[in-house]
Amino acid sequence: MIGYLAQRLLQAAGVLLGVSIVTFLLAFLLPADPARMIAGRSATVQTVESIRQQLGLDRPLPVQYVNYLGKLLRGDLGRSYAQKAEVTKLIRSRLAPTLQLALAGILFELLIGLPAGIVAALRRGTAVDQAVMAFAFVGVSAPQFVVGLLLIYVFAYLLPLFPLGGYGTPLHVVLPAVAVGLAGGGWYARVTRSAMIDVLRQDYVRTARAKGVFPAKVVFKHVLKNAVLPVVALVGLDIGVFMGGIVIVESVFGWPGIGQMIWQAIQLVDIPVIMGGVLVTALFVVVGNLLADLVYPVLDPRIRYS
Amino acid sequence: MKRTHTPGSLPPRPRQHGVLRRLGLAFGALLLSASLVHAQEQGGSAVVSFQDDISTLDPAIGYDWQNWSIIKSIFDGLMDYVPGTTELVPHLAESYEVSDDGLTYTFVLRQGVLFHNGREMVADDVRYSIERVLNPETQSPGQGFYLSIAGAQEFIDGAADSVAGIEVVDDYTIRFTTSEPDASFLHKLGLNFAHVVPQEAVEAAAGDFGHQPVGTGGFKLKEWVLGQRVVLERNPDYFEEGLPYLDEITFQVGVDPNVAFLRLQRGEVDILGDGIPAARYTEVINDPVLGEQVAMGEQMQTGYVTINVEMEPFTDVRVRRALNMAINKDRIVRIVNNRAVPANQILPPLFESHADDYEGYPYDPEAARALLAEAGYPDGFDTELYAYNVAPNDRIAQAIQADLAEIGVNVELRTQAQSTVIEAGGAGQAPLLWSGGMAWIADYPDPNNFYWPILACASNIPGGWNWARYCNEDLEARAARADTLARSDQADERVAEWREIFLAIMEDAPWIPVFHELQVSMHSTNVTGPKEIFVDPMHIPVHYEMVRRAQ
């Protein structure tokens with residue numbers, strides 16, 4: 001187990017290194033010059049050059065990368081080009097809201113997706129199944145921008161049950177989490193349904209039923225327990241994806257998450273913020289997957305890591 | 001470059017009323033409906049919403065739509081503008097004198113003006129603030145405005161420890177000497193970049209003064225929750241008697257414009273910082289109640305297409321003139337919901353050098369085709385148009401494409417991210433470029449600001465903003481000379497000379513001026529004030545110190 005963990009952590013470090021290289025290259029492939037964006041339109045050529053030198057942008061790309069990596073290892077993500085503040089400070093201010101929405105979003109995905117998937121699997125081939133799967137399809141494909149605005153208009157404006165966007169109280173998180181849940185819940189419903197159907201075909205399920213075990217007990221004790229692994233994998237992925245921010249939902253609901261920060265940094269060619277934001281996101285993807293893998297043996301004793 | 005949303009301003013001088021008339025009576029009525037009757041003298045609070053974050057409140061750095069006017073309400077400069085107008089007046093300065101040769105400006109400062117940290121503002125703070133903007137380490141986008149001060153270049157190059165042309169005479173007197181007469185120097189001292197900051201606070205902030213601003217302005221920072229809100233409170237020691245009116249003003253960021261509109265109707269937001277959402281615009285303007293909450297005004301903006309004069313076939317002036325005659329500007333104005341007036345020249349009507357009696361190129365596709373044939377392109381040609389990919393600029397680009405197709409010019413659209421379009425323009429790669437969403441709200445109301453950065457030989461450089469690659473040496477010499485007419489008795493001559501210069505540029509046709517955008521803003525019934533302060537041309541977009549709480 002310890003050996004497995006060490007191996008995975010090593011892999012994680014490799015992944016992060018790879019992400020940092022790719023992001024660094026992509027940021028500098030953007031057809032825009034950060035020095036010129038900082039200098040503004042009234043700048044002389046000399047000003048632009050001076051800014052380029054101060055930021056080290058005049059050096060060869062590998063040198064710039066090694067410098068960045070050196071600072072990164074000391075926990076220094078640099079300073080924002082546009083805001084001049086330290087990137088770590090900017091990211092820190094976004095972490096709590098991002099985490100809150102990620103957790104609430106996953107909760108709603110499960111609340112919507114699990115029951116839907118279970119019902120659809122049990123009623124496979126019926127109108128109920130088709131209705132649930134149609135709903136899942138719409139949820140997955142509906143533009144989040146429209147869903148978000150609609151939720152706000154109906155449940156915050158027409159029926160003033162929730163605040164009109166923003167961040168703060170537990171009430172604030174409900175509508176954005178529902179918007180996330182409606183989209184992601186569709187995936188969960190599909191995954192749950194197909195995993196359930198696989199398990200429902202197993203002999204031990206038939207045996208349990210034949211023994212006259214109470215139907216609900218069959219579903220929850222025998223079927224669901226064995227069908228839950230792919231759902232856990234999905235949660236692991238979602239932790240990473242959501243911690244990277246859900247740009248559209250964040251922007252409709254005015255949620256101060258990390259996604260909005262990265263999005264605005266891209267507009268301004270603010271490379272240190274883009275780099276820092278993407279690296280933190282990648283870190284959470286890696287951690288999310290690792291957590292999911294570690295939960296497997298707890299849920300299914302047949303899985304052993306060595 | 002202040003990034004544009006749908007910005008604008010209100011007309012101060014009599015000459016602007018012509019434009020108001022052209023806009024129709026409804027618009028005039030909007031302007032007259034200012035209702036101060038029920039306004040509180042002082043007190044109360046207001047909430048302003050923005051979608052984009054407030055990046056910085058450092059006056060040396062901030063240069064965008066969100067922060068421009070917030071910075072003005074926290075800081076002050078030697079010069080400012082009468083609220084709602086482009087009329088320049090002394091501000092932190094009590095008075096000033098310009099020498100006969102136009103080279104020396106002596107300012108007498110107000111006494112007893114306190115920074116938010118309690119220390120008195122003195123002449124040495126003014127010197128520090130301007131030198132800070134010039135200092136390359138500050139990386140200020142305003143550096144270029146102050147190069148006319150004698151010794152500025154030596155200071156930048158590190159050859160001098162201070163700027164020779166800035167002299168602190170005593171605590172309340174400061175003297176600037178320019179290396180040659182600079183007729184727009186006073187305007188430049190009214191820009192945010194010249195706002196006065198206390199050295200000790202800048203140093204204490206250790207590189208992050210933008211989040212810990214300390215100034216002399218009517219509001220001071222109370223709270224900043226990153227990514228969520230900035231709260232300012234009244235500065236009780238503010239030197240302008242009775243101002244600001246509000247006790248507190250909150251800027252909420254990350255608010256989607258559509259949601260902000262709902263929140264305004266609920267009374268949770270008082271001013272829509274990003275304007276009225278496009279989908280609601282017609283409904284609001286035509287609504288008798290909501291329409292009352294709208295303010296509309298002119299701004300120092302021109303939307304134009306640059307024609308790259310170094311590229312075939314645009315090297316031929318006849319081709320450039322033909323394009324000028326091919327664009328149906330009225331239709332493009334309709335695309336933006338009449339939030340603009342058609343342009344026939346480079347300068348907006350807000351400028352004194354705007355030529356009221358100039359007709360411009362008529363919309364005449366027939367004549368345009370004939371002119372193209374004369375230039376040797378009877379069947380037209382293929383070219384490319386670069387444009388910013390955010391509405392309404394994509395639709396405007398399509399309209400231009402359709403108009404040019406009418407005269408046989410086949411346009412391939414390159415609608416891309418803002419920074420990509422700017423890069424293509426700067427690199428001289430764009431045959432045609434629609435400026436919307438990227439360019440020109442002037443920094444200060446002087447015609448030279450429409451020439452030097454975007455039409456001058458001096459700005460025709462790689463990475464510059466002269467995307468037409470235009471350079472006319474004769475006009476450059478006249479422009480340089482016009483800017484030396486710095487004495488007040490030369491003002492009329494200078495206005496006329498700049499008018500001539502811009503008309504001469506129209507003859508060369510490096511641009512197709514398309515429209516002058518209007519600024520439209522909306523506020524709740526909880527706040528009030530003269531309409532023009534809600535579309536202030538200088539304190540863009542709203543003059544926050546002048547906003548009052550309604551009773």
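Convention: sequence-line order gives letters A, B, ...; per-chain numbering from 1.
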(message) Test your reading of the model: is there a side-chain donor-acceptor pair from B:Gln51 to the backbone of A:Gly254, 3.5 Å cut-off?
(response) no
(request) Would you check if the side chain of A:Arg36 reaches a backbone N or O of B:Gly464 as a donor-acceptor pair within less than 3.5 Å? (result) no
(message) How close do B:Pro136 and A:Ser50 get, counting heavy atoms only, and between which atoms?
(response) CB-OG, 3.5 Å
What part of [X] gets closer than 4.5 Å to chain A, counting heavy atoms only: side chain, backbone, both or neither?
X        : result
B:Leu262 : both
B:Ser419 : both
B:Gln252 : neither
B:Leu147 : side chain
B:Ala427 : neither

Under 4.5 Å from any heavy atom of chain B, what part of [X] do you find: side chain, backbone, both or neither?
X        : answer
A:Ala35  : neither
A:Thr44  : side chain
A:Arg92  : neither
A:Glu86  : neither
A:Leu149 : side chain

Atom pair [atom1]/[atom2] of [X] and [Y] - distance to nearest 0.5 Å:
X        : Y        : atom1 : atom2 : value
A:Gln83  : B:Leu57  : CD    : CG    : 10.5 Å
B:Asp53  : A:Gln267 : CG    : CD    : 13.0 Å
B:Asn258 : A:Tyr153 : CG    : OH    : 11.5 Å

(message) What I want to check is whether the side chains of B:Gln139 and A:Gln54 have a donor and an acceptor closer together than 3.5 Å.
(response) yes
(request) Determine whether the side chains of B:Gln143 and A:Thr47 contain a donor N or O and an acceptor N or O closer than 3.5 Å. (result) yes
(request) Answer yes when A:Lys89 and B:Asp208 have at least one side-chain N-carboxylate O distance shorter than 4.0 Å, and no when they do not. (result) yes
(message) Can you confirm whether B:Arg263 sits close enough to A:Tyr157 that some side-chain heavy atom of one is under 4.5 Å from a side-chain heavy atom of the other?
(response) no
